[in-house]
Structure formats: structure tokens, C-alpha cells
Number of protein chains: 2
Amino acid sequence: MIRRTEQRYAIRRVLEHTVRPLTPQEVLEKAKATVPGLGIATVYRNLKVLHQDGILSTVEVPGAPARYEMANRGHRHHFQCESCNRVFDMPKSSFTPSALVPENFKVRDHQVLFYGFCPECSH
Amino acid sequence: MIRRTEQRYAIRRVLEHTVRPLTPQEVLEKAKATVPGLGIATVYRNLKVLHQDGILSTVEVPGAPARYEMANRGHRHHFQCESCNRVFDMPKSSFTPSALVPENFKVRDHQVLFYGFCPECSH
DNA sequence: GTGGATGCAAACTCTTTGCACCTTG
DNA sequence: CAAGGTGCAAAGAGTTTGCATCCAC
């Protein structure tokens, strides 16, 4: 049975109110505003549970911690800024690239990640 | 000035003779066949140099070390098996998804990764 | 009151770095 | 022989885990 704790609720609320994927560390800092004593281990434990339950989706980026965002935002492509390191959601698209995979591979999911400079960092 | 050492050559040769992206650990194990005393730090240092020189490309996968492969294989999409954790190259395709990114983001590169079960693990 | 959840610190994994020694050019 | 490269071990970063305590149910 899963309990409804103040920590879990705070962590979830942080992600519900953010429009870009966050690192565990970022989640911790934001959630501490509501639950000051919050520990990083609790953040990791809850992100894992929420991900396993399909509530969160993950975005992996090269040489940096994984990012998390609400799965109900739908499948997204992402963009990592090579200057500020933030990761952004791209607009939804109808691109379904599974057709590019040989038949004997069973595709369950996919991820598209762009690299470059975000608007703020490109001038 | 860059020197031609036995270790660097062995590391490079391992990657030239492999058809899927390898982890630093895998590179170490294979290269040790030629250079028994080889250390993991040397592998990391050389992978970094070879990557910076554009000779290798990297593939990042969730919750696992980065993989490296020869950049001259061309731009590839990849497939990670969720059972055996190996990463495979997909056939080349003409898919160029930069059109899916808003204009004010400057795209320099992109990566497509599929998850699922490879042929060997799907029966 | 019982079992899940938390916080802390220690443990772990992956990667980088400091340093003395070695090797290439 | 000078500068770059190597191997080892220690240090860092990110993540997980053990354990005593806490608290939601």
C-alpha cells in the first residue's frame, strides 16, 4: 500500500508545476521550499516509484544526471542547451520513427534528443 | 603534439573492429588482449581525446555508462535492449528531424534511441 | 501498533585527477 | 631530453542502500 506523505506530495507538485524536465537535485531544491528537512535519498526513492508507476518519464542526457517530467505531458522530444545545460521540451510532433527499426527488434519506447544552443544562449 | 602510443592504437583498433557501441569497460577488456597492463584511466583519457577530435561518437543510454563507436560509421540511430543491455546500431536512414525544433533553438546534433528487446532476447 | 516512508551516512558505480614514472619524437 | 602519455590510487559526482526513527493508516 502506498502512503500519501508530505514529501511525496511536495515532490510531485514541483514536477506538476514545471514545464521542463528537472534533475533530482533541482527537484530537491524546489521541494525544500515546502518541506525544509527533505533529503536527496527521499527524492530519488520517490522519483523511482513515480517513474515505475508511469507518472513520470525520464530524459537522459550525455554526461549529466537524468531529468524527470510528468508523463501526462505526452511523448516529447527534447533539446539540451550545451551552454546552460538546461533541457527543454520540444513541441509535440507526429513523428513515429519505429518504422526505421528492423522487424526483429521489439520497440517499446524511444527518445529523441537535440543538442545545440537555446534561444537565451544563442546571442 | 599527439603521440602514437601502443595503448592509444589498441583502443582505437578495438573500436574499428566492432559493429556496436562499446562502454569504456568493454573497450578496456578487449584492448587488454593486446596491452595487458592497460588501465581504465587511460581508456577514459583516450576516448575523450578521440571523441574531441571527431573520431568517435558517443551514445548515451539511461542509467548506464556512455557507449563509443567510430564516427565514420556515420550518423546512426540506436537501440538498447532492456534485457541484455547491449546497444545496437540501426540501419542508416534519411530522417532529419531538425525541422521539428522551433527556429530560435540552434541545433548542432541529435540522437535517437529506441528501447525494447533485441532479436536474441525477444523469444 | 504495524509496516511503509524518511533522513542520515555509508556504500557503490562511474569518471576524473594528482603524481611519479615511462616513452615517443 | 623534454613534453606528452601511462598506471595507480585517491578524489569527485551521482545514485543507492542499511538502519534507526517516524508517522500514515
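Values in this document were obtained by computation on a predicted structure and should not be read as measured data. Every chain is numbered from 1, with letters handed out A, B, ... down the list of sequences.
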* To do: Could you check whether Ile40(B) gets within reach of a base, just the sugar-phosphate, or nothing at all, counting any heavy atom under 4.0 Å?
  => nothing

* Give Ala64(A) one of three labels, base, sugar-phosphate or nothing, depending on what nucleic acid heavy atoms sit under 4.0 Å from its own. => nothing

* Distance below 4.0 Å between Gln7(B) side-chain N/O and dT23(C) OP1 or OP2 -> no

* Between dT15(D) and Gln25(A), is there an OP1 or OP2 to side-chain N/O distance shorter than 4.0 Å? -> no

Taking atom types as they are modelled, is there a donor-acceptor pair under 3.5 Å from the base of [N] to the side chain of [X]?
X        : N      : value
Arg45(B) : dG7(D) : yes
Arg8(B)  : dG4(D) : no
Arg3(B)  : dG5(D) : no

Can you measure [X] atom [atom1] to [N] atom [atom2] for me and round it to whole angstrom units?
X        : N       : atom1 : atom2 : answer
Leu47(A) : dT17(D) : CG    : C1'   : 16 Å
Tyr44(B) : dG5(D)  : OH    : C1'   : 19 Å
Arg4(B)  : dG25(C) : CZ    : C1'   : 13 Å
Leu38(B) : dC22(C) : CG    : P     : 18 Å
Tyr68(B) : dC14(C) : OH    : P     : 14 Å
Ile2(A)  : dG4(C)  : CD1   : C1'   : 10 Å
Leu28(B) : dG7(D)  : CG    : C1'   : 12 Å
His51(A) : dT16(D) : NE2   : P     : 12 Å

* Heavy-atom neighbours of Glu82(B) CD exceed 12 at 6.0 Å -> yes

* To do: Scan side-chain atoms only and decide if His75(B) and His110(B) contain a donor-acceptor pair under the 3.5 Å cut-off.
  => yes

* Asked: Closest nucleotide of DNA chain C for Ala41(B) versus for Val35(A): which of these residues is on the 5' side?
  -> Val35(A)

* **5' priority, DNA chain C, between Pro24(B) and Glu6(B) [closest heavy atom]** => Pro24(B)

* Asked: Which one, dC19(C), dT6(C), dT24(C), comes nearest to the side chain of Thr5(B)?
  -> dT24(C)

* Asked: What's the closest nucleotide to the Asn46(A) side chain, out of dT6(C), dC8(D), dA9(C)?
  -> dT6(C)

* May I have the step-by-step check of salt bridge (charged side-chain N to carboxylate O under 4.0 Å, His left out) for Arg20(B) and Glu69(B), ending in yes or no? => CA-CA 7 Å; Arg20(B) 63 178 181 84; Glu69(B) 69 181 335; over 6 Å; no

* Asked: Which class fits the ring pair Phe88(A) and Phe105(B): parallel under 30°, tilted 30 to 60°, perpendicular over 60°?
  -> perpendicular

* To do: If the plane angle is over 60° it's perpendicular, under 30° parallel, otherwise tilted; pick one for Phe114(B) and His77(B).
  => tilted

